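When a residue number appears, it is its place in the shown sequence, counting from 1. As the structure is a prediction and not an experimental result, all values here were calculated from the model.
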Amino acid sequence: MFIGREKELSRLSRLKEDDRSHFVAVYGRRRIGKTYLIREAYKNDFLFQHAGLSRGGMVNQLNAFSASLELSGCHLKKKPESWMEAFNALRGFITLSDKEKKILFIDELSWMDTPRCDLLIALEYFWNTFASNRNDIILIVCASATSWMLSKIIHNKGGLYNRLTEEINLQNFTLKECEEFTKGKGLILTRNQILQYYMIFGGVPYYWEFIEKGLSLHQNIDNILFSENAPLKNEFKYIFSSTFKKPEVYQKIVEALGTKKVGMTREEIIEKTGIENSGALSTKLEELESCGFIRKYYAFGMKKKNAIYQLFDNFSLFYYSFLEKYPTDEHFWSNQINTPKVNTYLGLAFERVCLEHIKEIKMKLGISGVYTEVNSWYCKKDDEKGLFGSQIDLLIVRKDQVINLCEMKYSDTDYTIKKDFDESMRRKISDLKNGTKTKYAIFPTLITTYGLVKNSYSSNIQQTIILEDLFA
């Protein structure tokens, strides 16, 4: 059963009705469902499809391409010895085809780009001199190596510049889509259980395939990550090696960001990692952001040059919290229930989940149609300026001159506001007003799992959003 991706599916399906050729790039992190989406959109009705080899030089890649041509019905007089010859063979095969739409799907294109092979020159020649001049070709290229796709295809500065007709960056499932996925598998999970699984694995569809019926959530997590033959025990290192051609620097950046909850400035990343301050660092940060590993944000009211980079990927966050030192206990997660470390992690991970569901939060606030900017904000203690020193993880700054100052609290029961929380919220509001000189109204907003216990402090909260609202 195919879940979600309605917009992407519609975009791809509509291309079959168009009277011109299309060049489509689909990219996104490992396991996100790129190939599955493309096959679902076209029901495997490809004139030609091929997947690059994860290993192998130019000769092996060309031999595999030749085999795919022959499997598609192309009769080769001789195997091509260069990519120019290979794409010329594909060109001849297309010319002889009587299919109304010639749909070509090349998966893991980046793996085919071996050193000095001139793959992109051949692809450029094929599209610019042949395919783009027809009205019946849909060429889809795809790769998990997002950095390669961005630099070589999407932001290509050579002959493929501005040649793409469609670009699809496949994102994580939402909580709602994950719920639909689990129901489709016949699993019975509460929304809090879905949230807890999401806080570890995020909305990557592949990871949700491993949940087994008849096991508790904690048993499932032990089986998937901590048992002797756990299928995802070594997943973290494969994420980076499959997404980036030279993963070491990217991993170093993510590792550094994993040490600081609120994130780091560019200068702090350089100081922590020793990476040279250059355009190459800018590119790597952009690529990590495009892949969903990190997020870039600007503190409200501060200069745009002071961007903060924050670790955003759920699985990476979990890895640095629990997996990096390879626990040997096969029941590690079951034995960690209600420990301070896990409770701290759940609070931190819940904040990330909320940040991934801003659209749903705005819907509950009734401001879906209002222009907003999503920010964080911080200030240091400054007695002269009357600042207590605050860190605010989520501000929704609205065009209607309101700021929702959001506190995100994970709880197993209805959340009870106590004196220290109330004092902290009042200090944050004071700091925000004094530190930014904003004239906007500030609405204290609570985002929690189940609801808010009514007491003498609860009336100070203007709006409450619960887990159910994140599933909208």
Side-chain angles (χ1 to χ4, degrees), residues 28-32 144-148 150-151 172 198-204 206-207 221 224-226 230-297 299 306-328 332-333 336 340-342 344-353 355-356 376 378 391 393:
R29 60 171 293 167
R30 172 183 167 91
R31 316 291 204 189
I32 204 69
S144 295
T146 307
S147 61
W148 186 94
L150 289 169
S151 63
N172 283 344
Y198 197 98
M199 288 194 288
I200 296 174
F201 294 103
V204 179
Y206 176 80
Y207 298 153
I221 293 168
I224 295 166
L225 290 173
F226 298 103
L232 297 181
K233 180 178 284 188
N234 297 311
E235 175 69 7
F236 185 76
K237 67 179 181 181
Y238 295 131
I239 292 174
F240 283 87
S241 62
S242 65
T243 305
F244 307 106
K245 282 225 163 183
K246 295 181 179 179
E248 295 78 16
V249 178
Y250 297 91
Q251 197 162 339
K252 187 181 288 188
I253 294 169
V254 169
E255 185 175 353
L257 293 177
T259 64
K260 194 170 181 182
K261 172 191 169 185
V262 298
M264 296 179 174
T265 63
R266 180 190 179 96
E267 289 70 27
E268 288 173 327
I269 292 171
I270 291 168
E271 182 179 348
K272 182 76 174 178
T273 63
I275 297 171
E276 182 182 353
N277 186 7
S278 66
L281 174 59
S282 300
T283 299
K284 287 176 173 59
L285 290 169
E286 288 171 9
E287 290 169 351
L288 283 166
E289 186 181 7
S290 295
C291 298
F293 287 105
I294 67 174
R295 77 168 179 132
K296 176 183 179 181
Y297 70 88
N306 296 322
I308 305 293
Y309 297 91
Q310 184 183 46
L311 179 58
F312 198 57
D313 175 59
N314 305 66
F315 190 66
S316 298
L317 190 68
F318 185 84
Y319 173 83
Y320 286 117
S321 298
F322 299 104
L323 285 171
E324 186 177 19
K325 295 180 181 178
Y326 295 103
T328 56
F332 175 81
W333 196 243
Q336 294 294 310
K341 185 174 182 179
V342 166
T344 298
Y345 172 79
L346 293 175
L348 178 59
F350 182 65
E351 292 176 6
R352 298 295 193 274
V353 175
L355 291 170
E356 289 181 86
S376 297
Y378 63 92
Q391 169 65 39
D393 294 312

Taking [X] for the side chain and [Y] for the main chain, is one N or O donor matched with an acceptor at less than 3.5 Å?
X	Y	result
T344	V342	no
Y345	M199	yes
T259	A256	yes

I need the [X] [atom1] to [Y] [atom2] distance, nearest 0.5 Å.
X	Y	atom1	atom2	answer
L257	M264	CG	CE	6.0 Å
N314	L348	CG	CG	10.0 Å
I221	Q336	CD1	CD	12.0 Å
S321	L346	OG	CG	10.0 Å
Y206	R29	OH	CZ	12.5 Å
S241	Q251	OG	CD	9.0 Å

Check: [Y] and [X] side chains under 4.5 Å, non-hydrogen atoms:
X	Y	answer
I200	F322	no
F293	F312	no
L150	S290	yes

Practice task
Please lay out, stage by stage, how R266 and L281 fare under the test side-chain contact (heavy atoms from CB on, under 4.5 Å).
Solution key: CA-CA 9 Å; R266 180 190 179 96; L281 174 59; 4.0 Å; yes
Practice task
Establish, for the pair K296 and Y309, whether the NZ or CZ atom is under 6.0 angstrom from the six-membered ring centre and no further than 45 degrees off its axis.
Solution key: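 Pair K296/Y309 does not count as cation-pi.
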Exercise for the section: Mind telling me whether F226 and W333 have parallel, tilted or perpendicular rings, with 30° and 60° as the class edges? Expected result: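 Parallel.
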Exercise for the section: Please work out which of the three classes, parallel, tilted or perpendicular, describes the rings of F315 and F236, given edges at 30° and 60°. Expected result: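 Ring orientation of F236 relative to F315: tilted.
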Can you give me the closest heavy-atom contact between [X] and [Y], atom names plus distance?
X	Y	value
C291	T243	SG-CG2, 3.7 Å
A349	L317	CA-CD2, 4.2 Å
I294	L285	CD1-O, 3.6 Å
V204	R30	CG1-O, 4.1 Å
T273	I269	OG1-O, 2.7 Å
G203	I32	O-CD1, 4.3 Å

Exercise for the section: Test side-chain contact (heavy atoms from CB on, under 4.5 Å) on L232 and F201 and set out the steps. Expected result: CA-CA 10 Å; L232 297 181; F201 294 103; 3.8 Å; yes
Exercise for the section: Before giving the answer on side-chain contact (heavy atoms from CB on, under 4.5 Å), spell out for I308 and V262 the whole-Å C-alpha distance, their side-chain angles and the decisive distance to 0.1 Å. Expected result: CA-CA 8 Å; I308 305 293; V262 298; 5.9 Å; no
Short N-O contact, [X] and [Y], less than 4.0 angstrom:
X	Y	value
D313	R352	no
E268	K260	yes
E351	K261	yes

Practice task
Decide yes or no on side-chain contact (heavy atoms from CB on, under 4.5 Å) for L288 and F244, but give the supporting numbers first.
Solution key: CA-CA 9 Å; L288 283 166; F244 307 106; 3.7 Å; yes
Exercise for the section: Might you confirm whether atom CD of E271 has over 12 heavy atoms from other residues, nucleotides or ligands at distances under 6.0 Å? Expected result: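 No.
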Exercise for the section: State which residue, out of E255, E287, K284, fulfils the side chain to side chain donor-acceptor pair (under 3.5 Å) condition with Y250. Expected result: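 Output: one option passes, namely E287.
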Pairing donors with acceptors under 3.5 angstrom, does anything connect the side chains of [X] and [Y]?
X	Y	value
S376	R295	yes
Y297	Q310	no
Y207	E235	yes

